[in-house]
Number of protein chains: 2
Amino acid sequence: MVKLIDVARTAGVGAGTASRALSGNGSVDRETKERVIAVAKQLGYSPDVAARALRERRTRTIGLLLPDLANEFYTASVAVLQQELSDAGYQLVIASTGNDPSTERIALQTMIDQRVEGIVHVPVDADLVLPTTVPIVQLNRQSASRQAAAASDDLAGVDELTTAIVHAGHRDIAVIVGPTGFSTSRNRLLGALRAAERAGIPQSERPLDGARLRVRHAPLTVDGGAQAVAQLFPDLPSCLIALSSRLVMGALRECGDRGIHVPESLSLAGYGDPDWFSIWRPGITTFAPNLTEMGRQAARLLLAQLAGEETGPPALIPGKVQVRGSVTGLSAG
Amino acid sequence: MVKLIDVARTAGVGAGTASRALSGNGSVDRETKERVIAVAKQLGYSPDVAARALRERRTRTIGLLLPDLANEFYTASVAVLQQELSDAGYQLVIASTGNDPSTERIALQTMIDQRVEGIVHVPVDADLVLPTTVPIVQLNRQSASRQAAAASDDLAGVDELTTAIVHAGHRDIAVIVGPTGFSTSRNRLLGALRAAERAGIPQSERPLDGARLRVRHAPLTVDGGAQAVAQLFPDLPSCLIALSSRLVMGALRECGDRGIHVPESLSLAGYGDPDWFSIWRPGITTFAPNLTEMGRQAARLLLAQLAGEETGPPALIPGKVQVRGSVTGLSAG
DNA sequence: CTGTTAGCGCATTCAT
DNA sequence: ATGAATGCGCTAACAG
């Protein structure tokens with residue numbers, strides 16, 4: 001490996017001058033600067049990151065901690081996050097926790113040990129104590145309230161989605177949502193409850209005047225969604241809202257197994273917008289959070305903190321309700 | 001940050017002894033060794049990776065270069081890859097190329113500059129010249145033939161899939177496959193061709209004795225799959241084989257738009273096995289490569305090279321044909 | 001503007 | 001078995 005001293009000697013200058021010429025810090029004669037740069041390129045010089053990090057006391061590294069690398073719901077944000085941070089001169093190091101709190105704790109510690117300068121965190125365990133030695137921005141989920149975060153405005157989005165469903169004439173609705181421990185689950189549910197209340201639909205197991213909203217909690221898995229539908233059966237609502245794409249998948253599977261046709265026998269609305277939502281005939285009506293924008297904002301927030309700026313309250317990123325065919329209109333009465 | 005010299009002093013030993021006690025290299029008295037370790041833990045010491053890397057001349061870092069972080073086809077392998085390498089004491093640094101050859105070249109160079117000790121590579125550009133300074137194992141696709149690689153045995157898998165289709169009675173088949181530039185596309189196509197030939201089905205545009213196999217190349221996108229179907233229309237085969245999950249998606253979309261019912265009017269088989277393949281009614285018949293095993297083998301191969309062992313020919317990992325409802329049986333006639 | 005020097009934290013010599 | 005000294009490659013401080 002060719003090192004700085006090599007290009008310095010070849011260019012006939014001292015190490016300091018070569019360093020300044022290459023980094024742009026400090027002043028150096030135009031001509032010699034260009035010469036050094038030319039020599040460096042010709043020799044194929046590239047700085048040793050370890051030596052630089054040791055000397056500068058900074059690693060130019062950002063840690064990303066997420067539950068599951070194989071979940072496109074997260075990776076959709078990561079792609080742009082990676083790009084933004086890379087543009088700002090940071091390397092992203094990724095660790096996945098497999099949704100396990102103890103793995104999460106260890107991975108977090110490992111990142112601190114690695115001297116990352118900041119962390120983007122998709123929390124699993126809401127009770128995890130976060131280190132204060134390094135800026136952290138939370139993505140998607142939010143654990144501590146005073147924490148910088150970039151999240152989808154699920155409350156408004158699911159409200160809007162639910163309202164659209166009500167406007168289509170549905171007054172017997174069931175909601176399947178993830179565990180209460182996740183801030184995302186709570187927010188999504190809140191959106192549905194708010195819309196229902198505004199429409200005069202009571203949260204009740206038995207229909208009142210034909211109207212009711214039932215809530216079922218389930219693990220955020222395909223099986224979870226399927227079991228929730230199974231429990232509802234045979235007293236089905238006119239419209240089912242499954243508040244995660246996995247839950248939608250499970251609901252569809254169970255409906256298929258039981259011969260319940262969507263949307264003829266049961267309307268279905270979802271959350272998120274994986275590609276297959278629009279391939280599925282006649283398309284799944286859903287609230288689609290803006291994943292790429294969330295990634296971008298997370299990067300911005302972290303970069304701002306790194307620059308010493310104060311970050312305001314959590315950024316709530318608006319999404320979009322996609323109306324497709326899985327929710328049918330109901331004739332009144 | 002507490003450093004080695006701190007724990008050394010607190011334990012009442014020299015820096016060298018502390019280093020040896022913690023690393024296990026060299027010999028040190030049992031008792032003092034335990035004392036040093038205890039002190040280190042109590043002080044919350046963790047070694048500075050930069051300093052260690054500078055001194056040891058190794059970064060304990062592996063680079064992963066893939067086309068798209070948001071594509072679960074890749075990330076499914078990455079999850080286990082990450083785990084295996086992490087267990088072996090390596091940090092994974094990830095870069096995505098966005099399927100762009102020039103980005104790929106730059107990202108590869110960046111990794112070399114970062115002094116990664118090895119690279120796992122999902123190639124985009126088959127003509128990319130690979131550095132020889134560092135062990136590289138290719139995942140999924142294969143560019144240079146003498147390169148260590150872990151890939152799915154697509155040839156055998158698609159052969160088996162096609163054979164199953166033929167056995168179901170189909171003799172008018174069309175195959176949609178990706179660009180010839182990808183080794184994966186070539187292998188998958190080869191599998192279909194081999195099975196067809198064995199069944200006496202000629203590769204031809206016009207049916208001979210009612211039998212023919214047509215081949216259409218398309219970009220590996222949803223639109224690509226849709227357009228391929230559009231071009232086939234209205235002279236449809238009895239069974240369509242779309243050799244990537246994106247192509248399947250496109251084919252389904254176009255069929256939906258044109259009112260072609262799968263599988264009543266057209267049988268459809270696919271490649272890969274994203275979750276929605278089994279949710280889709282009545283399920284998509286497909287060849288499912290073993291993605292996790294591929295990730296595991298890639299890790300093994302790289303670790304072996306890192307240990308100085310010679311790696312044999314590319315590892316071909318067998319997958320599994322999943323028979324579902326999208327391919328119907330045909331009464332002979 | 002530029003050359004020389006010190007030291008970042010660690011693992012590894014070389015003496016003892 | 002252990003302590004002291006050395007140097008990995010680089011940047012920042014200093015002197016010129």
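Classification of B:Glu31 and B:Arg35 as a salt-bridged pair fails, no side-chain N sitting under 4.0 Å from a carboxylate O.
Think of the region where chain B sits on DNA chain D: with heavy atoms and a 4.0 Å cut, that region ends 5' and 3' at D:dA1 to D:dG9. Nucleotides of DNA chain C with any atom under 4.0 Å from a heavy atom of chain B span, from 5' to 3', C:dG9 to C:dT13.
For the segment residues 28-42 of chain A, no residue has any heavy atom less than 4.0 angstrom from an atom of DNA chain D.
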Donor-acceptor contacts, no H, no angles, side chain residues 82-89 of chain A, under 3.5 Å, sequence neighbours left out:
from    : atom 1 : to      : atom 2 : distance (Å)
A:Gln83 : NE2    : A:Asp87 : OD1    : 3.0

Going by atom type alone, with no hydrogens or angles, which donor-acceptor pairs under 3.5 Å involve a side-chain atom of residues 304-317 of chain A and a protein atom two or more places apart or on another chain?
none

Name the atoms and distances for all side-chain donor-acceptor pairs under 3.5 Å in residues 1-14 of chain B, with sequence neighbours left out.
from    : atom 1 : to     : atom 2 : distance (Å)
B:Asp6  : OD2    : B:Lys3 : N      : 2.9
B:Thr10 : OG1    : B:Asp6 : O      : 2.5

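Looking at heavy-atom distances under 4.0 Å, A:Leu54 makes contact with a base.
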Side chain to side chain donor-acceptor pair (under 3.5 Å) between B:Arg115 and B:Thr133, intermediate numbers included: CA-CA 10 Å; B:Arg115 316 301 199 258; B:Thr133 54; over 6 Å; no
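Residues B:Met294 and B:Asn140 come closest through the heavy atom pair CE-CA, 3.8 Å.
Across the interface with DNA chain C, nearest-nucleotide mapping of A:Thr17 and A:Ala51 shows A:Thr17 to be the residue nearer the 5′ end. Toward the 5′ end of DNA chain D lies the nearest nucleotide of B:Val13, the other residue of the pair B:Val13 and B:Arg57 mapping further downstream. Residue order along DNA chain D, read from the 5' end via each residue's closest nucleotide, puts A:Ile5 first among A:Arg20 and A:Ile5.
By the neighbour-count criterion of 12 heavy atoms within 6.0 Å, atom CD of A:Gln42 is sparsely surrounded, having that number or fewer from other residues, nucleotides or ligands.
Taking the side chain as every heavy atom from C-beta outward, B:Val124 and B:Asp100 never approach each other to under 4.5 Å.
Side-chain polar atoms of B:Ser185 and B:Asn187 form no donor-acceptor pair below 3.5 angstrom. Residues B:Ser19 and B:Arg52 have side chains that never bring a donor and an acceptor to within less than 3.5 angstrom of each other.
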